[in-house]
Amino acid sequence: MTIRAALLEGSGLLGKAGPDTPFLDAALLLAHVLDFSRTRLLAAMPEELPAEKFEKFMALVKRRVSGEAVAYIIREKEFFGHSFYVDYRVLVPRPETELLVEHAIEVLENAGKSGTEAAICHDAFCGSGCVGLSIARKCPGIKMGLSDKSLDALEVCKINAKKLFGQDHHIGISFGNILAAAPGGLALVTANPPYVEASFVDEMEKAGSLEPRLALDGGAAGLDLYPSIAKEAFKKLNHNGSLLLEIGDKQSGFVKAILEEAGFIKLKLVKDMAGIDRLVMGTKP
Ligand code: GLN
């Protein structure tokens, strides 16, 4: 059987089972089995696939059919141009979260701080580290800290810090709820906190989601964490420092009000590619 035929068989099964990107999923799984890049896989379409590789591939396709995320199966997710290690200890990075990274970089660049030690930045609820580490890669001079209250997630974050910055990196990765681990005098705070309604997390779990509940469940309305984040960030940010938060669908009005109540000004909402408000930004006066 050729690689092309195997891909068609795998994506056919996936297409019937429900994932919305069956061909891409099949390609990622087969590339993983063969230890190929996606480009190399596509170039190798006419080549013969050894039977034992086909069997391995179909076993992974079956896991995907039963609802497991591709990223968990292959232990990898591309985010902001980097390959992050992921497993069940962390949320799978979402493409829309790249918005948070883009805007954080823009804020630092506009303030002329992307290359200065003076910019102390903190990413709370860091999970895999995809947000904070991607910002730090783009703004090498800043002093970046990341924190999470999940020790499991911190282990994954440390793997990614080594992956992106090498063994002797200077990224601070610490245990702490909300901003407890962050110093004062911050130029920037970013967070993608758990913001999904608890009842919806129940549904996700019923549908086979294996993502950590701690990273998703934001209480009854999904808004439980925002008031504390806003208050703590206001205390720890410098004058003119920025807070950037990812939010869930239909939460922008509430979160904007929470930030205003905490004292933030120049509030700005940013929509994602689906046209949904995904980011709330505020400045400490
Ligand atoms: N965007 C994620 C989802 O919809 C939720 C991420 C979060 O709670 N921070 O599943």
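Each residue takes its place number in the sequence, starting with 1. Ligands are counted one by one from 1 in listed order, and the atoms in each one are counted from 1 as well.
For ligand 1, the polar-atom distance check against Arg94 finds a nitrogen or oxygen pair separated by under 3.5 Å. Between Leu91 and ligand 1, no pair of N/O atoms sits closer than 3.5 Å.
Contact annotation: for Glu211 versus ligand 1, there are no heavy atoms closer than 4.0 Å.
With distances taken over non-hydrogen atoms, the option nearest atom 9 (N) of ligand 1 out of Pro193, Pro194, Gly127 is Pro193.
By the 4.0 Å heavy-atom criterion, Gly222 is excluded from the residues contacting ligand 1.
When each of Glu76, Lys77, Glu78 is checked for a side-chain hydrogen bond (donor to acceptor under 3.5 Å, both in side chains) with Ser83, only Glu76 meets the rule. Just one residue in the list Thr190, Leu244, Ile135, Asn192 forms a side chain to side chain contact (heavy atoms under 4.5 Å, CB included) with Val101, and that residue is Ile135.
Between His82 and Phe84, the angle of the ring planes goes over 60°, which puts this pair in the perpendicular group of the 30/60° scheme.
Less than 4.0 angstrom separates some heavy atom of Asn192 from each of these atoms of ligand 1: 7 (C), 9 (N). Per-residue contacts place Leu216 under 4.0 angstrom from the following atoms of ligand 1 (heavy atoms of the residue considered): 5 (C), 8 (O), 10 (O).
A salt bridge is absent between Lys250 and Asp277: the closest approach of a Lys/Arg side-chain nitrogen to an acidic carboxylate oxygen does not fall below 4.0 angstrom. Salt bridge present: Asp272 and Arg278 bring a charged side-chain N and a carboxylate O closer than 4.0 Å.
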